Amino acid sequence: MVTKEDICGVTILARAASDVSLVPGEYAAAEGAERALFAVLGGKIEAVKLVDGVERVVGQREVGDIFGEVPITLGTVFPVGFRAAEPSRVMRVEPQDYHAVASVAPDVGKEVGRLAAHRMTGARGLQGLASESSPPRAIVVGSRLDGACADLRRFLDRNQISFTWLQPDEPDADEQWGGPLPSAGDCPVIRVVDGKTVVRPHLRRVAELLGLGTEPAAAEYDTVVVGAGPAGLAAAVYGASEGLRTIVVEREAPGGQAGTSSRIENYLGFHEGVSGDELASRALRQARRLGAEILVTREITRIDPETRHVHLDGGDVLHARTIILACGVVWRRLAVDGGQQLAGKGVSYGAARSDAAGTHGLDIHIVGAGNSAGQAALFFSRRARSVTLLCRGDGLAKSMSRYLIDQIGTRPNIAIIPRVEVVALHGDASLEAIEVGSPGTSETAWLRSDGLFILIGADAETAWLPPEIARDANGYVLTGSDVAASGRWALERDPYLLETTMPGIFACGDVRYGPVKRVAAAVGEGSMAIAFVHQFLREAESPVEA
């Protein structure tokens, strides 16, 4: 029997609900989206879950079905995404409207709660999905002190590829590998699950084996973004979401320098902090979902600024209506005896989350006194036996945020050695000791070390850019008012804020000349660059009046 309350509830829904039409592949709600309740009015909706960077279909909803009952009942975000498998219509009810209905028609709330409980339990429900053991997509064999193995593991981590890492000295390594391990001379070795085994692989070969993008899908793009750090990924997200045909070219793996940060404590919206690679992986998923192409392990050999032709290694040429330079910076190298020989053999630049597994129970050292060094010290102190910060100054106060200094003071296994600089690194097959000295004296001391992480600033690497794109003495790209002041701007209009000396070519993030080098600033500039791209394209398409 239909009650007065039920009729009232339906009336409220009819007034408040949105009727949403979806094209195939369009999301009604992405994984992690804020709560809402949906009903399928036409077509078919797929439930999808991101696993190892690949969206996996885990269910479907047809006409008459609802979805969103779990987040609306528990007050959480969507644990899976819902996208249209074919042209579809859905009804969307906002949380406040749903609760208004439930207050006057309690049976509606009871039924939605019952569906939520059913959805969360059972082998096909969310609990079953969460309990499924997803096999790793690859197995890697190699030593902690093998630089090539470290590069391979970092590449897999930053591309959201799950893998098992086997070290030759592990007691059950042969059993996990399924036979005798490869010889040390063959390592690192990667075995792609249900695929091939490759000895000492190049990263591009790994990308191809795992189905990562290495070849462009087209020859012409509205914008080509150079670099997949925070600025480049932000440009990709905003460019793709605003209908621009967007491609990102990254020579290594997404994340840039920020991707090698073990923890970012002051990024807006992440009150508990976020690792650099986690932030990058979220942005990467978002960019791909919105339609941006992401090429990895591809390097740009040159740019023709007049035609905006982008030449890739291997001979591919992309024609870009606009170009966004977001190629970031690289960690500054430590120029001391033994530094080059031991790089990757216990000596690392940057400190990514994936490096933590190799520090368990060890005595490690960090060179640097900035926020990146402090974040790395805190992160590694959870695994390492001891962490020692080596800094040239009298302490950390001049270069590190107070909140990091305070946290470091609470960790008994973190030590600080001030007024020292590294003068040499020692070791045969791997790092064994660090030789340090005090500035202005000839006395030195040796510190036994199992690992050294170097975070002493970064430099722009822009020598590959054509001379038509002006840079300062340190290689940072001039934009906006600095371009105008350089006297190298040829057009009557002023250059846009992020525009280089070549119209239609923009720069954002750390590669751009400017005082602010922060992840948040890079993200903001990446999104701003797309606004200027739109302005430039509108100007290019407007007829010139005589």
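Residue indices begin at 1 and follow the sequence shown. Remember, predicted model here, so these are calculated numbers, not experimental data.
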- [ ] Have a look at V367 and tell me which of V422, L455, V436 forms a side chain to side chain contact (heavy atoms under 4.5 Å, CB included) with it.
- [x] V422
Task: Any donor-acceptor pair under 3.5 Å from E252 side chain to V296 backbone - done: no
Open item on the list: Please determine whether side-chain contact (heavy atoms from CB on, under 4.5 Å) holds for the pair D304 and R308, giving the CA-CA distance in whole Å, both sets of side-chain angles, and the decisive distance to 0.1 Å.
Closed with: CA-CA 5 Å; D304 185 330; R308 289 190 291 278; over 6 Å; no
Open item on the list: Between E461 and V329, is the side-chain contact (heavy atoms from CB on, under 4.5 Å) condition met? List the steps.
Closed with: CA-CA 6 Å; E461 202 172 63; V329 292; over 6 Å; no
- [ ] Quick one: closest heavy-atom pair of I139 and Q176, and the distance?
- [x] CD1-O, 4.4 Å
Task: Heavy-atom check, side chain of I300 versus side chain of H311, under 4.5 Å - done: no
Open item on the list: Please check this pair: side chain of R332 against backbone of I456, looking for a donor-acceptor N/O pair closer than 3.5 Å.
Closed with: yes
Open item on the list: So V224 and V249, do their side chains get closer than 4.5 Å, heavy atoms only?
Closed with: yes
- [ ] State the CZ-CG distance between R137 and L210, to the nearest 0.5 angstrom.
- [x] 5.0 Å
Open item on the list: I'd like to know if the side chain of E250 reaches the main chain of L295, judged simply by a donor and an acceptor atom lying under 3.5 Å from each other, with no hydrogens or angles considered.
Closed with: no
Open item on the list: Once rounded to the nearest 0.5 Å, what's the spacing between atom NZ of K196 and atom CZ of R205?
Closed with: 5.0 Å
- [ ] Decide yes or no on salt bridge (Lys or Arg N to Asp or Glu O under 4.0 Å) for D355 and R153, but give the supporting numbers first.
- [x] CA-CA 9 Å; D355 293 323; R153 290 185 285 112; 5.4 Å; no
Task: Presence of salt bridge, R512 and E525, under 4.0 angstrom - done: yes
- [ ] With the side chain counted from C-beta on, respond yes when W464 and I303 share a heavy-atom pair under 4.5 Å apart, and no when they do not.
- [x] yes
TODO: State yes or no: are the ring centers of F453 and Y349 separated by less than 6.0 Å?
DONE: no
Open item on the list: Closer than 4.0 angstrom, basic N to acidic O: yes or no for E215 and R298?
Closed with: yes
Open item on the list: Determine whether R419 and S438 satisfy the following criterion, side-chain hydrogen bond (donor to acceptor under 3.5 Å, both in side chains), listing intermediate values before the conclusion.
Closed with: CA-CA 6 Å; R419 296 180 295 280; S438 298; over 6 Å; no
Open item on the list: Other residues, nucleotides and ligands only: do more than 12 of their heavy atoms fall within 6.0 Å of CZ on R392?
Closed with: no
Task: Closest approach of S527 to A234 (non-hydrogen atoms, all atoms of both residues) - done: N-CB, 4.1 Å
- [ ] Would you please say whether a donor-acceptor pair under 3.5 Å links the side chains of S381 and R411?
- [x] yes
Task: Electrostatic pair R333-D459, nearest N-O below 4.0 angstrom - done: no
Open item on the list: Check whether T501 reaches the backbone of E468 with its side chain - one donor and one acceptor, N or O, closer than 3.5 Å.
Closed with: yes
Open item on the list: Any side-chain to backbone donor/acceptor pair from R158 onto P254? Under 3.5 Å, distance only.
Closed with: yes
- [ ] Determine whether more than 12 heavy atoms belonging to other residues, nucleotides or ligands lie under 6.0 Å from atom CD of E170.
- [x] yes
TODO: Kindly check if the number of other-residue, nucleotide or ligand heavy atoms within 6.0 Å of CZ (R302) is above 12?
DONE: no
TODO: Could you pull out the closest heavy-atom pair between A283 and V237, with the gap in Å?
DONE: O-CG2, 3.9 Å
- [ ] Apply side-chain contact (heavy atoms from CB on, under 4.5 Å) to D222 and V533, showing your working.
- [x] CA-CA 9 Å; D222 294 319; V533 163; 5.9 Å; no
Open item on the list: side-chain contact (heavy atoms from CB on, under 4.5 Å), that's the test. Do I454 and V347 meet it? Break it down for me.
Closed with: CA-CA 8 Å; I454 302 167; V347 177; 3.7 Å; yes
Open item on the list: Between R402 and D406, does the salt bridge (Lys or Arg N to Asp or Glu O under 4.0 Å) criterion hold? Intermediate values first, please.
Closed with: CA-CA 6 Å; R402 186 74 244 173; D406 292 341; 3.1 Å; yes
Open item on the list: Centre-to-centre under 6.0 Å for Y496 and F532, is that the case here?
Closed with: yes
Task: D472 side chain to N474 backbone, donor-acceptor under 3.5 Å - done: yes
Task: More than 12 heavy atoms of other groups within 6.0 Å of R488 CZ - done: yes
Open item on the list: Any non-hydrogen side-chain atom of T297 less than 4.5 Å from a side-chain atom of R251?
Closed with: no
Open item on the list: Would you compute the distance between atom CG of L325 and atom CD1 of I505 and round it to the nearest 0.5 angstrom?
Closed with: 6.5 Å
Task: R144 (side chain) donor-acceptor with A150 (main chain) under 3.5 angstrom - done: no
Task: Pairwise side-chain contact, D450 with L431, heavy-atom cut-off 4.5 Å (strictly under) - done: no
Task: Where D394 and P418 come nearest, the two heavy atoms and their spacing - done: O-CB, 3.5 Å
Open item on the list: Before you tell me yes or no, could you show the steps for E499 and T479 under side-chain hydrogen bond (donor to acceptor under 3.5 Å, both in side chains), namely the whole-Å CA-CA distance, both residues' side-chain angles and the distance that decides it to 0.1 Å?
Closed with: CA-CA 5 Å; E499 199 165 21; T479 59; over 6 Å; no
Task: For V248 against A236, the heavy-atom pair lying closest together - done: CG2-CB, 3.5 Å
- [ ] May I ask you to test the V198-V206 pair for a side-chain heavy-atom distance under 4.5 Å?
- [x] no
- [ ] Mind running side-chain hydrogen bond (donor to acceptor under 3.5 Å, both in side chains) on N413 and S386 for me, showing each step along the way?
- [x] CA-CA 5 Å; N413 62 335; S386 69; over 6 Å; no
Task: Distance in Å, I434 CD1 paired with L425 CG, rounded so as to fall on 0.5 Å steps - done: 6.5 Å
Open item on the list: Measuring from atom CG of L452 to atom CD1 of I364, what distance do you get when rounded to the nearest 0.5 angstrom?
Closed with: 9.0 Å
Task: L244 backbone acceptor or donor facing T246 side chain under 3.5 Å - done: yes
Task: Distance (rounded to the nearest 0.5 Å) between I161 CD1 and L212 CG - done: 5.0 Å
Open item on the list: Donor-acceptor check, side chain of S449 to backbone of G451, threshold 3.5 angstrom: yes or no?
Closed with: yes
Open item on the list: Looking at H319, I'd like to know if its NE2 atom is crowded, meaning that more than 12 non-hydrogen atoms belonging to other residues, nucleotides or ligands lie closer than 6.0 Å.
Closed with: yes
TODO: For residues T388 and I417, determine if any side-chain heavy atom of one lies less than 4.5 Å from a side-chain heavy atom of the other.
DONE: yes
Open item on the list: For T223 and T322, which I'm curious about, is there any donor-acceptor pair between the side chains at under 3.5 Å?
Closed with: yes
Open item on the list: Cation-pi check for Y221 against R245: NZ or CZ below 6.0 Å from the six-membered ring centre and within 45 degrees of the axis, yes or no?
Closed with: yes
Open item on the list: Is any side-chain heavy atom of L312 closer than 4.5 Å to one of V310?
Closed with: yes
Open item on the list: On the six-membered ring of W177, is R191 placed so that its NZ or CZ lies under 6.0 angstrom from the centre and within 45° of the ring axis?
Closed with: yes
Task: T301/D313 under side-chain hydrogen bond (donor to acceptor under 3.5 Å, both in side chains): CA gap, chis, key distance, verdict - done: CA-CA 6 Å; T301 57; D313 57 344; over 6 Å; no
Open item on the list: If the threshold is 4.0 Å, N to carboxylate O, is there a salt bridge linking D146 and K345?
Closed with: no
Task: Residue pair I324 / A235: nearest heavy atoms and the distance that separates them - done: CD1-CB, 4.0 Å
